[in-house]
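Here is how names work: the chains are called A, B, and so on, in the same order as the sequence lines, proteins then strands, and each is numbered from 1.
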Number of protein chains: 2
Amino acid sequence: MEPLKRLVLERLMEYYRFLTERTARMASPTVTSAQIAKALDIDPTQVRKDLAAIGLTGMGRVGFDVHEACYAIRVVLGFDQKHEAVLIGTGHLGGVLLAYSGFARYGLHIMAAFGGGEEATGRKVAGHRVRPMKAMKPFVKTHRIRLAILAPPTEPSERLLRRLVTAGVQAIWNFTPSQVAGPPGILVRNEQHFSVGLSEIGYHLKR
Amino acid sequence: MEPLKRLVLERLMEYYRFLTERTARMASPTVTSAQIAKALDIDPTQVRKDLAAIGLTGMGRVGFDVHEACYAIRVVLGFDQKHEAVLIGTGHLGGVLLAYSGFARYGLHIMAAFGGGEEATGRKVAGHRVRPMKAMKPFVKTHRIRLAILAPPTEPSERLLRRLVTAGVQAIWNFTPSQVAGPPGILVRNEQHFSVGLSEIGYHLKR
DNA sequence: TAGATTGTTAATCGATTAACAATC
DNA sequence: TAGATTGTTAATCGATTAACAATC
C-alpha cells in the first residue's frame, strides 16, 4: 500500500485530538464525518477518505465508532509504541519541550538533554540534568535512541547531523531556526521558524 | 491587484531570511532565482513568480539585486512598520516569546504581558511585569494595539476573543493548543500544536 | 420503510513545474 | 556576439470538492 502523505498524517492527528477531547465531554460512541469536518473546518469527504485510507469503515446512518477510530489512528501514527528521544539544545525553548507533559500520551519520552556550552552542562532544566555534548553519541548508541530533537541554541551543523546519523538516529525534529536537509532515509521535520507566521500577520496589519 | 496568498507570503519570508543571512556571509550584490531556489529546495520558476508578484524584476544574465529584493519584501510584509502587540498567557512558551530578541527586526514589539492566575500577576517574566487580565482591554484600547499573541495556559474562550476584538485587535497569533476560528475581518494565525509534527515522526519511526 | 450517512468515482480547483522566446 | 538568466505561457500534478448510488 502507498505510504500516507504528510497532510493526511497531520489531519489524522487532528481527528485524534478532536475525538479524544470530545469523548471527555460527551459520551456518544459514534461520530459522523460531518461532525469532525465541521469542528476542523474541512470537507466531510476528506474525513471519510482519510479514515478509509487507514482501513476504517463507517456505518451507514450512524457514522464511525469513536473508540475504533481512535485506536486505529493510534496504531497508524505509532502512539502505542514508545519513542525514546534525546534533546539537544537546552535554551528556553528546549526547556518548554522538556517541561511539556503532553508528549507521553503520544508515546514520546525525552530520555536525556544535552547542551553545548560549558555553562549549561550540569545545570538542571525542567528537572533534567543537562549533559555535555560529548556524552550524546554514546548515549544514543547504548540506548538505541531513534529520535533527536534539536532546539536553540543548537546549530545543526553538518558534523552534528553526521554524528546523529552514525549514532543511529532515524528521525530529527528540528526546532532551530535553520532548515535541516535530511540525509537519505532519515526523516527530518523542520518546525517553522517563529518568524514565518509573522509574514502573514505583517501583511495583514500593514496599511 | 489580487492579495497575496499565504503560501507566497511564507516563501517571501524565507527568501528574506536567506538573503539577509547570505549578505552577512558574502558581498555579492546580486542573486539568481536558481541560487535562492537551491538553498530553499524549491523550483526557480516559483522564486521568479513570487518576486514578480511583488513587482520585482530581475536582470537578464545576472539575476536580482539583493538590496532591492530585501527592501521590497520588507515593505510588502510590513517589516518597516512598528507592530505593537500584547501577549496573553505567561507560561513557559510565553516566556520564550517575550525573551525572543529576533522579533524587533520584523517590526514586532511586545508592549505588555497579561496573565490569568493570581499567582502570575505581578511576577516578572523575561523582564516583563505580568499584568492582570482585567488590565488588558484598557491597555489595548489606549495604546491602540492591533495584535494579540496568545500562549498557554490561556484558553481562547469566546469571551476572550470578543473582548480582544471589541478592544480593537485586528490580528491574533495563537500559540495555544486550541484552534481559534477568526471573527470576520480579523486575521487569526494558528500555530500548529506541538503534537502535529509528531504524527509524521511517529508514522516514520513505527516498526 | 424512509432517510441519513457512507464509499467512491468524476469534476474542479489551485499549485507546481516545464518549456522557451525575450533580454541583458 | 554568445550565453546565462529572466518573464510568462502552457502542461502537469496533486489535492480538494461535488455528485450520487449503496448501505444500514
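Looking at A/E10 and A/R6, a side-chain N of the basic residue comes within less than 4.0 Å of a carboxylate O on the acidic one, giving a salt bridge. The pair A/R74-A/D80 does not meet the salt-bridge criterion, since no charged nitrogen lies less than 4.0 angstrom from a carboxylate oxygen.
Between the C1' atom of C/dA15 and the CZ atom of B/R11 lies a distance of 8 Å, rounded to the nearest Å. Distance CE (A/M59) to C1' (D/dC24): 10 Å, rounded to an integer number of Å. Atom pair A/E10:CD and D/dA15:C1' shows a separation of 14 Å (rounding to whole Å applied). Distance, A/Q46 CD to C/dG7 C1': 14 Å, rounded to whole Å. Between A/I42 atom CD1 and D/dT17 atom P the separation is 9 Å, expressed in whole Å.
No more than 12 heavy-atom neighbours from other residues, nucleotides or ligands sit within 6.0 angstrom of NE2 on B/H92.
Between the side chain of A/H143 and the backbone N or O of A/F139, at least one donor-acceptor pair lies under 3.5 Å.
The side-chain contact (heavy atoms from CB on, under 4.5 Å) with A/L147 is formed by just one residue from the set A/V86, A/I172, A/L108; it is A/L108.
Side-chain rings of B/Y15 and B/F18 stay apart, their centers remaining 6.0 Å or farther from each other.
A close approach under 4.0 Å does not occur between any side-chain nitrogen or oxygen of A/T45 and OP1 or OP2 of D/dT16. The shortest distance between the side-chain N/O atoms of B/R6 and the OP1/OP2 oxygens of C/dG14 is not below 4.0 Å. Residue A/S33 places at least one side-chain N or O closer than 4.0 Å to OP1 or OP2 of C/dT6. For C/dG7, the OP1/OP2 oxygens have no side-chain nitrogen or oxygen of A/R48 closer than 4.0 Å.
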Q. According to the Watson-Crick and G-U wobble definition with distances under 3.5 Å, which dot-bracket string, read 5' to 3', encodes DNA chain C, using [ ] for crossing pairs and | for pairs with another strand?
A. ..||||||||||||||||||||||

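One N or O donor and one acceptor, one from the side chain of B/K49 and one from the base of C/dT17, sit under 3.5 Å apart.
Nearest-nucleotide assignment on DNA chain D puts the 5′-proximal partner with B/T32, out of A/L7 and B/T32.
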Q: Determine, stepwise, if the pair A/L150 / A/F175 fulfils side-chain contact (heavy atoms from CB on, under 4.5 Å).
A: CA-CA 6 Å; A/L150 271 37; A/F175 287 89; over 6 Å; no

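In the set C/dA15, D/dG3, C/dA4, the nucleotide with an atom closest to the side chain of A/R61 is C/dA4.
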